[in-house]
Novice: 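Take this structure, written in structure tokens, and hold onto it; I'll ask about it next.
Everything numeric here is computed off the predicted structure, so don't read it as measured data. Throughout, a chain's letter reflects where its sequence line sits, starting with A, and its residues are numbered from 1. Keep in mind that the numbers below use all heavy atoms, side chains included, and drop hydrogens, waters and symmetry copies.
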Amino acid sequence: MSEATLERGMNAFREQMNAPVASFFSSCVNCGMCAEACLFYTETGDPKYTPIHKLEPLRRVWEQEYTLWGRLKSMLGLSEPVTNELLEEWETLIYDGCTLCGRCSMVCPVGNDISYMIRRAREGFVAAGYAPEGIKGASRRAVTIGSPMGVKFPALAAQIKHVEADSGLTIPVDVEGADYMALLSSMEIMNFPEYLEALAKIFKQAGVTWTISSEAFEATNSGIQIGSSDIARELVNRVVVAAEKLKVKYVISPECGHAYTAIRWEGPNLIGRPYEFKVVHILELLDELRSAGRLKTEGTEDDRLTFHDPCQIVRKGGVLEPPRNLLNMVATNFVDMNDSREMNWCCGGGGGVSANERAEELRIKAFKRKKTQLDELNVETLVTACANCRLIIEEGLEEYRMEMPVVGLTEMIAEHLVEDEK
Amino acid sequence: MSTSIDFLLWVRGPGFDIALFIFVVGVLIRLLEVVILGRKPDYSEPRGAELGAGLLTLVTRTAPEGGSFKRSPFTVVGGYIWHIGFLVSLFLFVPHIELIDSVLGIRWPGIASNLVDAISAVTIVTLVAMLFSRLTHPVKRFLSGPEDYLTWLVTFLPMLTGYLAYHRMIDPYPLVLGLHILSVELLMVLFPFTKLMHAFTFIIARWYNGAMAGRRGVQS
């Protein structure tokens, strides 16, 4: 990252200005309804967490430079400029108090897509040097080492060996011409290697040809979280180069929320062209295999269980029904939360918040929203499809002394695969 | 008496022309300022079409999402009442229709004056309640600045003066009618420079919101 200055920040803000942003700022009447959609407000009761308020610095840039009236006011010295002090004050609102979950964007009566603007505003903050150390560190490691948690390929190779020895399955690496290239998140490599085993089992049964690239296996993208298109582009590009080199038809985004946003939705725009391959989320792929009859399961989970919709996969990713179709294959007692699908509440750790140590206390407070949702349902098991949500929820449950296993959906499906089919 | 007639003549004549000019040109400039910014092409492979989803959101956002209704019932109900009341008073009161006909040459049927009267009364009371809510609700009070109160005032004044004029509560009548027209002119003049612009830009905002979500396969 080159030297951050207020001027670079201002330029980054200006680069983010477009018709949607201008229409959103023009339309806000401070009705305050977005506050009630934000878990940082509902769980703290502090109005400073009102989503639209988090955008004050970007709003000032818009008003002062992109409206005639605002320009006149600035010329007359009647407006308050964006300063280092302002950005410093707002840094915690925009990074610690927002997970980019996008729930506010679903309720705004004038239609403002507030999280879209927060994502864009972060570009200015990071360029001006106002971003949390935790995410900065993760971004630095992602660029220099190749993964935000510092996981290099030898670490993955060791896990692959481990999984292969345990399961007797083969995990293909660098296989040219495979149909699918699977990406992983560091979190899965280090904390949930069951995911890798699950993939191998499922793909073997379904007859899917797949591979992992030793050059680009990391799906997470700290650049998206910190709000730096430069970093995000660099990380997406590694995946694109590897996938196009291996000539795969599809890249599989793993059970990680923002990884999907990064590779599926932002990636092509970061590199400025469409890909030569398609991106599918693992749940989409499994659901396709299910409907094609290539995914055969046996036995059922009879616990009362629910599904936590990861914001980036569901509300902001559009993968709404696949998790439910898959759960209904193996679970007899699945219930949805009161607010689910595109209206689900965030776990509190998305958008880089989980990598931001400073935000921990606030995040634990915000988790009370998920706790309330779970208390209402009286479930025994929670299923989700994002390694980050999973870790955050496990931490939250522990904090509030709730005993409940948190399971990845892909693994749950893998556990129920019909074994004898070769 | 003659000064109040002079006043009425001015607000109906040159005053109105000036206000109308500022309103129309101002709104056009503001809309242009938004639209010319455009947006970059999106190279991601769409899951759904933007157009239909955007248009649908334009309509569906009129009704609040269930959970937010439960969490902000007053804002929602109060918002509905005064917006509808304001529009009914503005567009369905026969003398207003006459005025619009004289300027634009288009007309439509109005509703009974005493009905508009009752609706206006409800709207005025609701607007006062909305102001009270803005001053007391922790989030709204925190967010609100001078512009929020100014826009409330210039929305409220035409309703109040209209009510006073209809009931001839101020003498002489030309004075109160002139004040009513002047208050509307104030609203028109401030309109392009304030968040009153949302009355037009919400269409663009809702469309973008719906289109961008629809592209990803979500109806927002």
Novice: So what's closer than 4.5 Å to chain A heavy atoms on Pro192(B): side chain, backbone, both or neither?
Specialist: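 For Pro192(B), there is no contact with chain A at all, as no heavy atom is under 4.5 Å.
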Novice: Should the heavy atoms of other residues, nucleotides or ligands under 6.0 Å from CZ of Phe21(B) be counted, would the total exceed 12?
Specialist: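 At most 12 heavy atoms, drawn from other residues, nucleotides or ligands, come within 6.0 Å of this atom.
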Novice: Sort Thr50(A) into side chain, backbone, both or neither according to what part of it lies under 4.5 angstrom from a heavy atom of chain B.
Specialist: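 The answer is the side chain of Thr50(A).
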Novice: Taking atom OG of Ser68(B) and atom CE of Met343(A), what is their separation to the nearest 0.5 Å?
Specialist: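 One gets 5.5 Å once the value is rounded to the nearest 0.5 Å.
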Novice: Can you tell me which portion of Thr75(B) sits under 4.5 Å from chain A's heavy atoms? Options are side chain, backbone, both or neither.
Specialist: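 Looking at Thr75(B), just its side chain touches chain A.
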Novice: With chain B as the partner, which of Thr67(A), Ile52(A), Asn112(A) has the greatest number of non-hydrogen pairs under 4.5 Å?
Specialist: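 Option with the top pair count is Thr67(A).
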Novice: By a 4.5 Å heavy-atom criterion (distance strictly below it), what part of Arg141(B) contacts chain A: side chain, backbone, both, or neither?
Specialist: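 Arg141(B) has no heavy atom closer than 4.5 Å to chain A.
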Novice: Looking at every non-hydrogen atom in both residues, tell me the closest pair between Ala205(B) and Val110(A) and how far apart they are.
Specialist: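 Result for this residue pair: CB-O, 3.4 Å.
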Novice: Would you mind checking which part of Glu45(B) comes under 4.5 Å of any heavy atom in chain A, side chain (CB onward), backbone (N, CA, C, O), both or neither?
Specialist: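 Both parts, backbone and side chain.
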Novice: Output the option from Val21(A), Val29(A), Asn338(A), Val279(A) having the highest count of non-hydrogen pairs under 4.5 Å with chain B.
Specialist: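 Highest number of heavy-atom pairs under 4.5 Å: Val29(A).
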Novice: Heavy-atom pairs under 4.5 Å with chain B - which of Gly272(A), Cys34(A), Gly45(A) has more of them than the others?
Specialist: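 So the answer, after comparing Gly272(A), Cys34(A), Gly45(A), is Gly272(A).
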Novice: Can you tell which part of Asp148(B) gets under 4.5 Å to a heavy atom of chain A, answering side chain, backbone, both or neither?
Specialist: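 Just its side chain gets close to chain A.
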Novice: Would you say the side chain of Val139(B) lies within less than 4.5 Å of the side chain of Glu36(A), judging by non-hydrogen atoms?
Specialist: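 When only atoms from C-beta onward are counted, Val139(B) and Glu36(A) do not touch, as no gap falls below 4.5 Å.
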Novice: Any chance you could measure Leu270(A), atom CG, to Ser44(B), atom OG, to the nearest 0.5 Å?
Specialist: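 Answer rounded to 0.5 Å: 10.5 Å.
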Novice: So, for Trp265(A) and Arg215(B), which heavy atoms are closest and what is the spacing to 0.1 Å?
Specialist: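 Nearest pair, atom of Trp265(A) first, then Arg215(B): CH2-O, 3.7 Å.
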Novice: Select, from Tyr66(A), Phe25(A), Tyr275(A), the one with the greatest count of heavy-atom pairs under 4.5 Å involving chain B.
Specialist: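 The option with the most such pairs is Tyr66(A).
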Novice: Would you mind checking which part of Leu320(A) comes under 4.5 Å of any heavy atom in chain B, side chain (CB onward), backbone (N, CA, C, O), both or neither?
Specialist: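 Contact with chain B: side chain only.
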Novice: Measure the NZ-CZ distance between Lys48(A) and Phe142(B) for me, rounded to the nearest 0.5 Å.
Specialist: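 With rounding to 0.5 Å, NZ (Lys48(A)) is 8.5 Å from CZ (Phe142(B)).
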Novice: Against chain B, work out which of Pro20(A), Ala22(A), Gly32(A) has the most heavy-atom pairs shorter than 4.5 Å and name it.
Specialist: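 Ranked by contacts with chain B, first place is Pro20(A).
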Novice: Quick check: closest heavy atoms across Ser23(A) and Ile204(B), and the distance to 0.1 Å?
Specialist: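 Heavy-atom minimum between the residues: CB-CG2, 3.7 Å.
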Novice: What heavy-atom pair brings Gly38(B) and Asn18(A) nearest, and what distance separates the two atoms?
Specialist: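 That closest heavy-atom pairing would be O-CB, 3.1 Å.
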Novice: Any chance CD of Glu244(A) has more than 12 other-residue heavy atoms, nucleotides or ligands included, within less than 6.0 Å?
Specialist: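 More than 12 heavy atoms, drawn from other residues, nucleotides or ligands, come within 6.0 Å of this atom.
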Novice: Using non-hydrogen atoms and a 4.5 Å limit, figure out which bit of Val319(A) sits close to chain B: side chain, backbone, both or neither.
Specialist: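 For Val319(A), backbone and side chain are both near chain B.
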Novice: Counting C-beta onward and ignoring hydrogens, is there a side-chain heavy-atom pair between Tyr208(B) and Tyr116(A) closer than 4.5 Å?
Specialist: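 Not touching, per the 4.5 Å side-chain cut-off.
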Novice: Tell me the closest heavy-atom pair linking Phe193(B) and Trp69(A), and the distance in Å.
Specialist: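 It is O-CD1, 3.4 Å.
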Novice: Determine yes or no for a side-chain-to-main-chain donor-acceptor pair under 3.5 angstrom, with Ser27(A) supplying the side chain and Thr201(B) the backbone.
Specialist: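 Yes, Ser27(A) side chain to Thr201(B) backbone: donor-acceptor pair under 3.5 Å.
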Novice: Counting heavy atoms not belonging to Lys249(A), are there more than 12 under 6.0 Å from its NZ?
Specialist: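 No, the 6.0 Å shell around NZ holds no more than 12 heavy atoms from other groups.
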Novice: Is it true that a side-chain atom of Arg61(B) and a backbone atom of Cys108(A) form a donor plus acceptor pair closer than 3.5 Å?
Specialist: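 A pair under 3.5 Å: yes.
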Novice: Between Ser105(A), Ala35(A), Gly267(A), who has the most heavy-atom pairs with chain B when the cutoff is under 4.5 Å?
Specialist: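 Winner by heavy-atom pair count: Ser105(A).
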Novice: Answer with side chain, backbone, both or neither: which region of Tyr49(A) has an atom nearer than 4.5 Å to a non-hydrogen atom of chain B?
Specialist: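 Nothing of Tyr49(A), per the 4.5 Å heavy-atom cut-off to chain B.
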Novice: Quick one: does Asp42(B)'s side chain get under 4.5 Å of Asn269(A)'s, heavy atoms only?
Specialist: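 They are in contact (side-chain heavy atoms under 4.5 Å apart), so the answer is yes.
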Novice: Pick whichever of Ile36(B), Leu37(B), Leu31(B), Leu58(B) has the most heavy-atom pairs under 4.5 Å with chain A.
Specialist: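 Most heavy-atom pairs under 4.5 Å with chain A: Leu37(B).
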Novice: So for atom OH, which belongs to Tyr149(B), do other residues, nucleotides or ligands contribute more than 12 heavy atoms lying within a distance under 6.0 Å?
Specialist: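 For Tyr149(B), atom OH is crowded (more than 12 foreign heavy atoms under 6.0 Å).
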Novice: Is any side-chain heavy atom of Val34(B) less than 4.5 Å from a side-chain heavy atom of Ser26(A)?
Specialist: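 In short, these two side chains touch, coming nearer than 4.5 Å.
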Novice: For the candidates Lys140(B), Gln219(B), Arg134(B), His137(B), which exhibits the highest count of non-hydrogen atom pairs separated by less than 4.5 Å from chain A?
Specialist: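 Looking at each option in turn, the highest pair count goes to Arg134(B).
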Novice: Against chain B, label Ala37(A) side chain, backbone, both or neither, depending on which of its atoms sit under 4.5 Å from a heavy atom there.
Specialist: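 Neither the backbone nor the side chain of Ala37(A) comes within 4.5 Å of chain B.
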Novice: Using non-hydrogen atoms and a 4.5 Å limit, figure out which bit of Gln16(A) sits close to chain B: side chain, backbone, both or neither.
Specialist: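 Looking at Gln16(A), nothing touches chain B.
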Novice: Can you check whether Arg315(A)'s main-chain N or O pairs, donor with acceptor, with Arg216(B)'s side chain at less than 3.5 Å?
Specialist: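 Judged by distance alone, no pair lies under 3.5 Å.
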Novice: Grab the two heavy atoms, one from Met106(A) and one from Val218(B), that are nearest each other, plus how far apart they are.
Specialist: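 Smallest heavy-atom distance, with atoms named: CE-CG1, 4.4 Å.
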Novice: Counting distance only, does the side-chain N/O of Glu33(B) pair as donor-acceptor with the main-chain N or O of Leu68(A) below 3.5 Å?
Specialist: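 At least one qualifying donor-acceptor pair exists.
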Novice: Please determine, among Arg39(B), Arg47(B), Met212(B), Met197(B), the option with the most heavy-atom pairs under 4.5 Å with chain A.
Specialist: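 Heavy-atom pair counts peak at Arg47(B).
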